[in-house]
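Basis for what follows: all heavy atoms, side chains included, without hydrogens, waters or symmetry-related copies.
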2 protein chains.
Amino acid sequence: MPGGRPRSFNPDTALDRALELFWQQGYEGTSLAELTAAMGINKPSLYAVYGNKEQLFAKALDRYFAGPGAFAAEALDEPTIRAVVERLVFGSIELTTGADTPHGCLTVKGVHACGPDAGPVRDDAVRRRKAGEAALRRRFENAPDLPRGTNAATLAQLVHTLTDGIAVQAAAGRGGGELRAVAELALRGLLDD
Amino acid sequence: MPGGRPRSFNPDTALDRALELFWQQGYEGTSLAELTAAMGINKPSLYAVYGNKEQLFAKALDRYFAGPGAFAAEALDEPTIRAVVERLVFGSIELTTGADTPHGCLTVKGVHACGPDAGPVRDDAVRRRKAGEAALRRRFENAPDLPRGTNAATLAQLVHTLTDGIAVQAAAGRGGGELRAVAELALRGLLDD
DNA sequence: CAAGTTTTATACCGATCGGTATTCAACTGG
DNA sequence: CCAGTTGAATACCGATCGGTATAAAACTTG
């Protein structure tokens, strides 16, 4: 079976351009025209390779978690609860305030794509958030260094809430320096007692 | 000078319908057709009374802060820092998880309206957030019960970050019961030492 | 009832939305 | 060189976007 015309772009690097744009402008705020322009391809190629706008966003989310967001999964391997939490919180600050990347968090922006046509995108973002939080809760459950009287699920939800707040603050323009001071204050009483 | 045809709707109650819709679907996710349908008016009336979509959103924000979000300004009058913070945090949970109102926070959603045409809306939301946080910082500065070693600006930013996180959690479907437990855990170490 | 004024309702505007049909270019195997 | 296959480029689709021109309806004043 013969080969046909070779593809003139790299699907992964083009996906990176789409990720940047979605990360910056959100799902609803990004049009197909902007996407194809940034990716350097035209619409039929986009649809042939990625499906449609919804599926392109889902693939961008995959790449987000495999690349810039990988620290969230890696954090679970830290030896202590304190180290897990610190890596998650300070990693979120780095992720959302990076000089070379858009400010804010792609999944938080995905949750806030709440127009009538964005239902599946929002649901997908919510599903991934739940999966990540469940993994964090399991990491805390039965951990030998979980303080007595602290509920693993509640602690996981608090860490998730903190990283969400950091993402909003970053999206609203707050820099990493201030956010690190905020995080230190938040974790001081939480992990020091 | 004569009177002309009387207006057939109440601008304030119609604005409340617009507020509900923006609160639920965000700025970019809500179309003029949906707005006019929910408000029970047609487009020329909307433009005559409110200006345009951007200005309608700004007026909805005004009404948001005057109504459901009024607790944020009132909280500053609480006698102690602890009471101020608790009213802000638990008030945010009520606001964003109410049974009769959309889940999430209108200003957080406004910050995440980041498409090319939503620049002014986003900037307006950011400006209002900064003003609110500045008022909170001033409330903390020189407060007699501010713990030594705690920076007023950082504490204000942390409270703001917590309420932002709560808004994201609520928008993603978390209920008020769990969020109250999260808030208690967050404030335990922060205000008890 | 007539003149003047303001709001309402409908129809319409160009532009853009996400998505696709069609045509042409570039390659492989015979 | 030719047949077959695959991707690229353009043009196009109906629908909807935010916004407006136009004209009819409902009121106040004389």
Side-chain angles (χ1 to χ4, degrees), chain A residues 1-15 17-19 21-22 24-60 110 113-124, chain B residues 1-15 17-19 21-22 24-60 110 113-124:
Chain A
M1 48 281 281
R5 178 170 176 170
R7 186 174 288 133
S8 67
F9 64 97
N10 182 310
D12 282 334
T13 62
L15 182 54
R17 301 290 86 76
L19 167 57
L21 214 56
F22 278 135
Q24 192 169 35
Q25 305 193 340
Y27 177 76
E28 290 170 327
T30 305
S31 70
L32 281 185
E34 293 172 305
L35 285 166
T36 54
M39 299 167 82
I41 67 180
N42 27 42
K43 283 195 272 186
S45 299
L46 188 153
Y47 276 80
V49 173
Y50 306 99
N52 61 10
K53 193 187 176 186
E54 266 181 36
Q55 297 170 43
L56 176 61
F57 187 84
K59 288 176 169 55
C114 36
D117 298 340
V121 167
R122 179 181 173 281
D123 294 345
D124 186 33
Chain B
M1 48 287 279
R5 179 170 175 169
R7 185 174 288 135
S8 67
F9 65 97
N10 181 310
D12 282 335
T13 62
L15 181 55
R17 301 290 86 75
L19 167 57
L21 214 56
F22 278 135
Q24 192 170 34
Q25 305 192 341
Y27 177 77
E28 290 170 327
T30 305
S31 70
L32 280 184
E34 293 172 304
L35 285 166
T36 54
M39 299 167 81
I41 66 179
N42 27 41
K43 284 195 272 186
S45 298
L46 189 153
Y47 277 80
V49 173
Y50 306 100
N52 61 9
K53 194 186 174 186
E54 265 181 37
Q55 298 170 41
L56 176 60
F57 187 84
K59 288 175 168 55
C114 36
D117 298 339
V121 168
R122 179 182 174 280
D123 293 345
D124 186 34

Q: Looking only at heavy atoms, what is the nearest atom pair of B:Met39 and B:Tyr50, with distance?
A: CE-CE1, 3.5 Å

Q: Hey, what are the protein-to-nucleotides 25-27 of chain C N/O distances that come in under 3.5 Å?
A:
from, atom 1, to, atom 2, distance (Å)
C:dA25, N3, A:Arg5, NH1, 3.3

Q: Under a 4.5 Å cut-off applied to non-hydrogen side-chain atoms, are B:Thr30 and B:Phe57 in contact?
A: no

Q: What residues, two or more places apart in sequence or in another chain, satisfy side-chain hydrogen bond (donor to acceptor under 3.5 Å, both in side chains) together with B:Gln24?
A: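 Once residues adjacent in sequence are excluded, B:Gln24 has no partner under the side-chain hydrogen bond (donor to acceptor under 3.5 Å, both in side chains) criterion.
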
Q: Between atom CG in A:Asn10 and atom C1' in D:dG7, what is the gap in whole Å?
A: 15 Å

Q: Among residues two or more places apart or on two chains, list those pairs meeting salt bridge (charged side-chain N to carboxylate O under 4.0 Å, His left out) that have a residue in residues 4-14 of chain A.
A: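 Sorted pair list: A:Asp12-A:Arg63.
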
Q: With a 4.0 Å cutoff (strictly under), does any side-chain N or O of B:Asn42 reach OP1 or OP2 of C:dA9?
A: yes

Q: Looking at residues at least two apart in the chain, or sitting in another chain, which of them share a salt bridge (charged side-chain N to carboxylate O under 4.0 Å, His left out) with A:Arg122?
A: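 Residues passing salt bridge (charged side-chain N to carboxylate O under 4.0 Å, His left out) with A:Arg122: none at all.
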
Q: Can you give one letter per nucleotide of nucleotides 14-23 of chain C, going 5' to 3': B for a protein heavy atom under 4.0 Å from the base, S for sugar-phosphate only, - for none?
A: ---SBBBB--

Q: Closer than 4.0 Å, any side-chain N/O of A:Ser45 to the OP1 or OP2 of D:dG7?
A: no

Q: Indicate whether OP1 or OP2 belonging to D:dA8 is found under 4.0 Å from a side-chain N or O atom of A:Ser8.
A: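 For D:dA8, OP1 or OP2 has a side-chain N or O of A:Ser8 closer than 4.0 Å.
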
Q: Between B:Pro116 and A:Gly29, which heavy-atom pair has the shortest distance, and what is it?
A: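 Scanning both residues, the minimum pair turns out to be CD-O, 3.1 Å.
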
Q: For B:Ser45, give me all partners under side-chain hydrogen bond (donor to acceptor under 3.5 Å, both in side chains), at least two apart in sequence or on another chain.
A: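 With sequence neighbours excluded, B:Ser45 shows a side-chain hydrogen bond (donor to acceptor under 3.5 Å, both in side chains) to B:Asn42, given in chain and number order.
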
Q: Taking CZ from A:Phe9 and P from D:dG7, how many angstroms apart are they, rounded to a whole number?
A: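 Those two atoms, CZ and P, are 9 Å apart.
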
Q: Answer whether the closest heavy-atom distance between the side chains of B:Asn10 and B:Leu15 falls below 4.5 Å.
A: no

